[in-house]
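FYI, side chains are in, hydrogens and waters are out, and symmetry mates aren't considered; it's all heavy atoms of this structure.
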Amino acid sequence: MHTDVNELFSALWTDYIQMTPSAAKVHELLGKGEDIINDHIALRTFNLPKVNLQVLAAHFEALGYKACGDYNFEAKKLNAKHYEHPDPTQPKVFISELLVEEFSPELQDKVAFLVEQIDEKALTQKDFLYSGRHWKLDSETYQALLAESEYAAWVAAIGYRANHFTVSVNHLPGYDSLQEVNQALKEGGFVLNTSGGEIKGSAEVLLEQSSTMADQIEVAFEDTKLKIPSCFYEFALRYPKPDGELYTGFVAASADKIFESTNAVFGKQSA
C-alpha cells in the first residue's frame with residue numbers, strides 16, 4: 001500500500017486521464033493554468049468479501065482516512081461510504097459496492113467468477129486502486145451484466161480505478177457558481193449528465209453537483225473490442241453549515257443521479 005497520500009492521488013489521476021481523455025481538456029478549460037483542487041474521488045466494487053468496500057477503504061485508512069458517512073441506493077442496489085483525511089485539503093473518498101446477492105443467480109455467478117480470478121496478493125499492492133481489470137471478460141458476459149446492472153458491467157469492464165475525480169468549485173478561480181461552470185463546459189462542447197437536472201442538489205441540502213457524461217473509449221474483451229463508457233468528471237459546490245464550516249458529506253438523492261454519468265449515451269462526448 002502507498003505510504004504517501006499525495007503519491008497515491010497522483011497515480012490515480014495519471015491512470016484516470018488515460019481512461020478519460022476529456023478530463024485533461026476540462027482541467028485546461030476550467031483551470032486556465034491554475035491548480036484545481038480535487039473535492040473527492042469515487043471508486044466502485046462488488047460487495048463480495050474478497051473485494052468489498054472495506055478492502056478498498058483499507059488503502060485509504062492506512063493513510064489516515066476515517067469513515068464519515070453511510071449511504072444506501074435501493075434502486076441501484078448499492079451501499080456506499082465516504083472517507084475523510086485529518087488534513088481537510090486532501091480529497092474526500094467515496095466508495096460504493098454492488099449488493100450482488102440482490103441480483104439474479106446468473107449475475108451472481110458471473111461476478112463471482114470474475115472475482116475468483118483476482119490474485120489475493122494483488123489486493124494489498126500499492127497500485128491496486130488503479131490497476132484496472134484482473135479477470136478475463138468476453139463481450140457476451142459484459143452485455144449480460146449490462147442488461148441487469150450498468151454498474152456491474154462498468155466494474156467488470158473497467159476494473160479498479162477512479163470512477164471520477166471532482167473539481168471543488170469553491171476553490172475554482174474565476175467561477176462564482178456551478179451554473180457558470182456548467183455553461184463554460186457546454187460552450188466547450190462537453191456533454192453534461194442531465195438526469196435529475198444539470199445540477200443535482202441545492203443550497204438547502206448544502207451541496208450542488210454536476211458532471212460530464214463518461215468518455216466512450218475502446219476496451220478490449222477476450223473476443224472483440226467495444227466502445228463503452230469509461231470515466232467522467234464531476235463538479236461540486238459546497239455550502240456552509242450553521243457553524244460556518246463547509247458541509248463535507250454527500251447527498252444520496254444527488255449521488256444516485258451522478259451514478260448515471262456512466263450510462264451509455266450516443267453522440268460525441270466532448271469537443
Spacing of [atom1] belonging to [X] relative to [atom2] belonging to [Y], to within rounding of 0.5 Å:
X      : Y      : atom1 : atom2 : value
Trp154 : Ile228 : CH2   : CD1   : 9.5 Å
Met213 : Thr194 : CE    : OG1   : 7.5 Å
Gln179 : Ser210 : CD    : OG    : 9.0 Å
Lys225 : Ile217 : NZ    : CD1   : 11.5 Å
Ser96  : Leu53  : OG    : CG    : 7.5 Å
Thr224 : Asp138 : OG1   : CG    : 10.5 Å

Is atom [atom1] of [X] surrounded by more than 12 heavy atoms (other residues, nucleotides or ligands) closer than 6.0 Å?
X      : atom1 : answer
Lys136 : NZ    : no
Tyr247 : OH    : yes
Glu140 : CD    : no
Glu218 : CD    : yes
Asp35  : CG    : no
Lys186 : NZ    : yes

Any side-chain donor-acceptor pair under 3.5 Å between [X] and [Y]?
X      : Y      : answer
Glu187 : Gln183 : yes
Glu97  : Gln54  : no
Ser211 : Ser261 : yes
Glu204 : Tyr239 : no
Glu234 : Asn193 : no
Gln125 : Ser131 : no

Q. What about Trp13 and Tyr16, are their ring centers closer than 6.0 Å?
A. yes
Q: Tell me whether the centres of the aromatic rings in Phe60 and Tyr83 are closer together than 6.0 Å.
A: no
Heavy-atom distance under 4.5 Å between the side chains of [X] and [Y], does that happen here?
X      : Y      : value
Phe235 : Leu172 : no
Asn182 : Leu192 : yes
His164 : His40  : yes
Ile258 : Phe232 : yes
Lys50  : Glu120 : yes
Leu246 : Pro240 : yes
Ile41  : Phe9   : yes

Q: Could you check whether the rings of Tyr65 and His85 sit parallel, tilted or perpendicular, using 30° and 60° as the cut-offs?
A: perpendicular
Checking [X] side chain against [Y] main chain: does a donor-acceptor pair fall under 3.5 Å?
X      : Y      : answer
Ser22  : Asp215 : no
Gln108 : Phe103 : yes
Arg238 : Gly249 : yes
Glu84  : Cys68  : no
Asn52  : Val55  : yes
Glu148 : Ala144 : no
Asn79  : Phe73  : no
Lys77  : Ser149 : no
Asn38  : Thr166 : yes
Tyr175 : Ala184 : no

What's the shortest heavy-atom distance between [X] and [Y], and which atoms?
X      : Y      : result
Leu226 : Gln143 : CD1-NE2, 3.9 Å
Gly174 : Glu180 : O-OE1, 4.0 Å
Ala156 : Leu137 : O-CD2, 3.3 Å
Ala58  : Met1   : O-SD, 3.8 Å
Ala162 : Leu12  : N-CD2, 4.3 Å
Ala236 : Asn170 : O-OD1, 3.9 Å

Group every Ile, Leu, Val, Met, Phe, Trp and Tyr by side-chain heavy-atom contacts under 4.5 Å, then state whether [X] and [Y] land in the same group.
X      : Y      : result
Leu29  : Ile37  : no
Ile118 : Ile95  : yes
Leu43  : Trp135 : yes
Leu146 : Leu99  : no
Leu129 : Phe94  : yes

Q) Can a cation-pi geometry be assigned to Arg44 and Phe259, taking NZ or CZ under 6.0 Å from the six-membered ring centre and within 45° of the ring axis? A) no
Ignoring hydrogens and angles, write down the donor-acceptor pairs under 3.5 Å from the side chains of residues 250-257, residues two or more places apart or on other chains.
| from | atom 1 | to | atom 2 | distance (Å) |
| --- | --- | --- | --- | --- |
| Ser254 | OG | Gly201 | N | 3.3 |
| Asp256 | OD1 | Lys76 | NZ | 3.2 |
| Asp256 | OD2 | Lys76 | NZ | 3.3 |

Q. What's the verdict on side chain to side chain contact (heavy atoms under 4.5 Å, CB included) for Leu56 and Tyr160, showing C-alpha distance, side-chain angles and the deciding distance?
A. CA-CA 9 Å; Leu56 274 61; Tyr160 291 97; 4.1 Å; yes
Q) Under the side chain to side chain contact (heavy atoms under 4.5 Å, CB included) criterion, do Val219 and Arg133 qualify, and how do the steps go? A) CA-CA 11 Å; Val219 171; Arg133 204 162 78 204; 3.5 Å; yes
